[in-house]
Amino acid sequence: MNELTAVDVLLTPDESMLALARRINARLLTSVPAPTGFVLDEHHQPHITTLQRYVRTGDLDQVYAVIGDVLASVDLSTLKLTAHSLADIAVQPPVALAAIVIRPGPEVLDFQARLIDALSPYCGSGGTEDAYVRTDAEPSINAATLQYIENYVPEHSGENYLAHVTVGLATRADLDVWEAEPFDPLTFSASGVGVYQLGNNGTAAKPLKTWTA
């Protein structure tokens, strides 16, 4: 069986979205402070996942090359996304993982579809813990993560795509209040693209390759 690497092809948001993410993160930290809560920093970079897949480790250079080919024909400034609400994306009572929910423009969905096609020859199935970054803090990869990446296409792509920026942890009670507050929509663009190796729970754990706008 070929060795596999679990990868995330992600968009780096522009400064307007980064500023919004940091403001919300600061508020969330009043609910669940560090170290349980987390600050958006070099270890927790705000990003929007566009595609997660198992790819053959020996083909990583080809993966970077075909992503580069897709990017050569795309103006990242045309990939419009609109932040429209705050919501929980995972709950482990009494704490919830909060995210800014994003409405992707049609250009983003087209970009995702082109990435899916470009990476298809290099993808594999049956990824194990060895495909991921594991740390002393998280030495194992849970079954939900293994299956999520296995089934990202089609279960979490195309019409099932839920774009978001993870921004921190809050108590369920606090997040219920904040989710109900008015949210001023923000339309923004991508400032770059990256390929990261995934960690447990689908975190972008290790940068492998980046491109800037």
Closest non-hydrogen atom pair between L175 and A170, with its separation: CB-CB, 4.3 Å

Test: R172 and D88 ion pair at under 4.0 Å: yes

Gap between atom NE2 of H164 and atom CG of L81 - 0.5 Å precision: 13.0 Å

Heavy-atom closest pair, residues N200 and S140: CG-O, 3.7 Å

Shortest non-hydrogen contact between V165 and A21, atoms and distance: CG1-CB, 4.5 Å

Verdict with supporting geometry, L11 and F111, side-chain contact (heavy atoms from CB on, under 4.5 Å): CA-CA 11 Å; L11 298 173; F111 177 63; 3.9 Å; yes

Side chains of Y132 and T145 in contact at under 4.5 Å (non-hydrogen atoms): yes

Pair V167-L86, side-chain contact (heavy atoms from CB on, under 4.5 Å): steps then yes or no: CA-CA 9 Å; V167 285; L86 183 68; 4.2 Å; yes

Inter-residue atom distance N160.CG - E155.CD, 0.5 Å rounding: 8.0 Å

Donor-acceptor contact below 3.5 Å, side chain S31 vs main chain T171: yes

Taking every non-hydrogen atom, the tightest pair across A83 and M17: CB-SD, 4.1 Å

Atom pair OG1/CG of T57 and D130 - distance to nearest 0.5 Å: 9.5 Å

Side-chain donor/acceptor of T50 to backbone N/O of V9, under 3.5 Å: yes

Spacing of I48 atom CD1 and I102 atom CD1 [to the nearest 0.5 Å]: 5.5 Å

Close side-chain approach of V70 and V66, heavy atoms under 4.5 Å: no

Test item: D110 side-chain N/O and P106 main-chain N/O as donor-acceptor pair under 3.5 Å: no

Nearest non-hydrogen partners of A205 and L198, listed with the distance: CB-C, 4.1 Å

Side chain proximity check, D174 to V177, heavy atoms < 4.5 angstrom: no

Heavy-atom side-chain contact between N25 and V39 under 4.5 Å: yes

Path from V133 to Y54 over hydrophobic side-chain contacts below 4.5 Å: no

side-chain contact (heavy atoms from CB on, under 4.5 Å) evaluation trace for I89 with V101: CA-CA 9 Å; I89 55 172; V101 182; 5.7 Å; no

Gap between atom CG of L51 and atom CZ of R114 - 0.5 Å precision: 14.0 Å

Joint hydrophobic cluster, V55 plus L71, side-chain heavy atoms closer than 4.5 Å: yes

Any donor-acceptor pair under 3.5 Å from D8 side chain to T203 backbone: no

Cluster check V74, L115: I/L/V/M/F/W/Y, side chain < 4.5 angstrom: yes

Sub-4.5 Å side-chain heavy-atom contact between I24 and W178: no

Heavy-atom donor-acceptor pair, Y122 side chain to D61 backbone, under 3.5 Å: no

Spacing of CD belonging to Q112 relative to CG belonging to D117, to within rounding of 0.5 Å: 10.5 Å

Which atom of L4 lies closest to which atom of G124, heavy atoms considered: CD2-CA, 4.0 Å

Identify all side-chain donor-acceptor contacts of residues 183-197 below 3.5 Å with residues at least two apart in sequence or on another chain.
| from | atom 1 | to | atom 2 | distance (Å) |
| --- | --- | --- | --- | --- |
| T187 | OG1 | T82 | OG1 | 2.9 |
| S189 | OG | S77 | O | 3.2 |
| S189 | OG | K80 | NZ | 2.9 |
| S191 | OG | T12 | O | 3.3 |
| S191 | OG | P13 | O | 3.2 |
| Q197 | NE2 | A131 | O | 3.0 |

Whether D59 side chain and Q62 backbone form a donor-acceptor pair below 3.5 Å: no

Connected via hydrophobic side-chain network under 4.5 Å: L208 and Y152: yes

Heavy-atom check, side chain of H156 versus side chain of L162, under 4.5 Å: no

All ring pair (Phe, Tyr, Trp, His ring centres under 6.0 Å) counterparts of F38, not counting sequence neighbours: H44

Side chain R56, main chain P121, donor-acceptor under 3.5 Å: yes

Donor-acceptor contact present, side-chain E129 to main-chain I141, <3.5 Å: yes

Path from L10 to Y64 over hydrophobic side-chain contacts below 4.5 Å: no

